[in-house]
Amino acid sequence: MTAALHVHEPEETNDVMSRKSSSPLHKWLGGRHLGPLLPTAAAIALVPAVVTNDYFIDVANLALTFMVLGTAFNLLYGYVGMLSFAQVAFVGIGGYASSWLVTHTDLWQPVAFLAGGGVAALVAAVVGAVTVRLSEGAFAIITLSFTLLCAVVAAEWTGVTGGRQGIFGLPAPSLSLGPVDLVADTPRSYYYLLAGFTVLALWAMQRLVRSSAGTVMIAIRDNEPLAKAQGYATNNYKLAVFSFCAFVTGLTGALHVFRLTTIDPSIFDFYLMQVMLIIVILGGAGTFWPVAYSAVLFAVLPEMLRMADEARLIVYGALLVLGLLFLPQGVGGFLRARAMNRQLRDMRGGRS
Amino acid sequence: MTATLGAAAPPALQVTGLGKSFMGVAALSDVEFTLSTGTVLGLIGPNGSGKSTALDCVTGFVRPDSGQILLDGESIFGKAPHLIARAGLVRTFQTVKLYDQLTLDEHMSLSLRGLYKAGRSGASRRRSAERKRATSWLVEFGLEQLRSAPAGILSYGQKKLLALAAVLVTQPRIALLDEPLAGVNPRIIDLIRDAILQANTEGQTFLIIEHNVEFITSCCSEVVVLDAGKKLAAGPPSVIWDDPAVYEAFLGRKGDGHAG
């Protein structure tokens, strides 16, 4: 986990000073800021070769889902400082929208999935337009209420959502385009689909965080009034990130429910939100890769321990308490502080 | 120090009839002052006299109830803070505000990027000039060694210096400083005073809130005194200190004991 050493500070400034010439493709992908993306992508690609049991492939599917959900939530909470409890609502909205489109229309499936993300982003834009200007606490409470509202709507709007039964018997995700006909009907084939999406989503989110807009995001988290005083339309930034994260989250939700082949109002359960919170807080809010890896940990851990749901929640609670006691900034924050101390020591050494 | 421009040019900043009340309590009423290009205007007054509220109103952080605020003859009354900042009114805060996780270099470049008008003409040449200016401010303030360190580790005085440098580097139309000297040691006071005077000789216009009498007297060409949300007096510092009303507002009437 040397990831935290790449967390934005030392690298970026050096990079501005002495930009090395590299291939345009490399630059477009994110240049030196790619960091652990390629090794991580390689590891994700290797999983099906190493893991033979389909059950564990399914666990890996969950891990990839958590990776994207956790990182999207990290962008909001860790980078911009918006404690959004609506993430789980966007999972549900993306899931419902794509399920409805696939079962009720003849829309080409990939478009239906993208539309799931699109609808979530659109809803986020509407909710965000009203709420991003509010204080952190008010924003948290309104997004929480919004999630509860979504659960009620999903249960009652029977004509579209199928009520409490939900929509079931969803077909396997398929990509049919001319002679190509790919169907993700086994955990393994589904894994390839999700792996491709995960790497793409992580790349896009990392690119955003490492861009100049990403620096503004951190600035807004650290001191919003100052960002305003320096001419940044902070509400627009917040709204844009909120909608972008809703898009990624909604798309993940769509892929998630098609793996389960069913969706019902329990998708809005607070459990998923809780998992995202734990992943981000213990991983280290505002650090990119530690959070992504902690998502894997929290997907795999319960399966490794093979525990009942109730015991799992207790262990989660205990982990959270211990983490906050000993690593209040999460693993990523701890690593970042250590890297910073080393840098300061070097600076002092260099001066004398 | 005072650069008198042609009579036709409107003053850099003209505030008239500025009023603001919080829940019925008047924090400002009918405040007016004028700031001409190239000058340093001091805004002084006892604690709670409305100085910071006036600054918040002018920069859009608080929406004023009434009045008129003209920047180079154009109204900026009630505009959003980021738009006012882009229009050229750039401020510091009384409680020093920085981005703890971002480096000093990132502070300077964020400030430059946000405040410079979007026009990209001659961008690369201008950017190198900006970078040079940013470096020279950091050198002048003795922060150059720390430029790739996060601002959270700085001492209070260094934080104040960085906040000031981030404003000065953008060469705004008007720099508004809210108590730039509060809580820093004499050596840093000298640094800040020299920086302000140097920027002013290069044409920088300032509006400064400050309690330090010596600083006000030596830097400001004009002083506006506020007391209980009202304008009490205005004029050159030498005249202001002789005004009995000003004396009373600051120190209380003789025999009042410990007025604070």
Side-chain angles (χ1 to χ4, degrees), chain A residues 7-17 19 78-81 133 209-238 284-287 329 332-333 336-337 339-352, chain B residues 55-56 59-62 80-118 127 131 134-135 144-154 162-163 166-167 169-170 172 175-176 178:
Chain A
V7 180
H8 78 76
E9 278 98 358
E11 252 75 7
E12 246 165 24
T13 41
N14 295 342
D15 195 49
V16 175
M17 296 302 148
R19 196 179 292 277
Y79 283 90
V80 199
R133 62 193 68 238
V209 164
R210 303 276 193 265
S211 71
S212 56
T215 316
V216 179
M217 285 161 63
I218 297 172
I220 292 172
R221 175 198 66 195
D222 276 359
N223 205 318
E224 193 174 348
L226 179 59
K228 282 183 180 162
Q230 294 188 336
Y232 293 99
T234 56
N235 287 339
N236 294 355
Y237 275 90
K238 286 159 88 175
T287 59
Q329 301 297 314
R336 179 172 56 192
M340 199 190 76
N341 283 336
R342 192 177 309 137
Q343 190 201 345
L344 289 178
R345 236 189 351 259
D346 290 351
M347 259 188 224
R348 245 170 249 136
R351 209 184 310 175
S352 60
Chain B
L55 195 95
D56 282 345
T59 51
F61 279 81
V62 166
H82 69 274
L83 295 177
I84 293 180
R86 282 187 211 162
L89 279 183
V90 183
R91 67 172 297 181
T92 63
F93 294 86
Q94 190 174 358
T95 50
V96 60
K97 290 190 194 299
L98 292 173
Y99 313 120
D100 282 352
Q101 296 275 337
L102 295 179
T103 67
L104 275 59
D105 272 333
E106 282 169 326
H107 276 79
M108 300 302 267
S109 61
L110 268 176
S111 181
L112 285 165
R113 196 145 52 83
L115 290 173
Y116 256 119
K117 299 232 170 59
R127 215 167 296 147
R131 208 175 301 156
T135 304
E144 212 234 351
Q145 301 275 353
L146 296 164
R147 58 191 304 165
S148 58
I153 66 148
L154 297 181
L162 177 59
V167 169
V169 74
T170 65
L176 304 102
D178 197 346

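A, B, ... follow the sequence lines: proteins, then strands. Residue 1 opens every chain.
- Contact check for A:Val216 versus B:Arg113: side-chain heavy atoms found under the 4.5 Å cut-off.
- Across A:Ala233 and B:His82, no two heavy atoms sit closer than the pair CB-NE2, 3.5 Å.
- The side-chain heavy atoms of B:Tyr99 and A:Leu226, taken from C-beta on, include a pair separated by under 4.5 Å.
- The two residues B:Asp100 and A:Asp222 make their nearest non-hydrogen contact at N-OD2, 3.2 Å.
- A:Arg336 and B:Gln101 share a side-chain donor-acceptor pair at under 3.5 Å.
- Taking chain A as the reference chain and counting heavy-atom pairs below 4.5 Å, the highest number among B:Gly152, B:Ala151, B:Ser111 is found for B:Ser111.
- Here the straight-line distance linking atom NZ of B:Lys97 with atom CD of A:Glu224 works out to 11.0 Å at 0.5 Å rounding.
- Neither the backbone nor the side chain of A:Thr234 has a heavy atom closer than 4.5 Å to any heavy atom of chain B.
- In plain terms, the two heavy atoms of A:Gly231 and B:Leu115 that are nearest each other are N-CD2, 3.9 Å.
- Residues A:Gln343 and B:Ser148 approach most closely at NE2-O, 3.0 Å, considering heavy atoms.
- Residues B:Leu110 and A:Tyr232 form a side-chain contact, since some pair of their non-hydrogen atoms from C-beta on lies under 4.5 Å apart.
- Neither the backbone nor the side chain of B:Leu89 comes within contact range of chain A; no heavy atom of the residue lies under 4.5 Å from a heavy atom of that chain.
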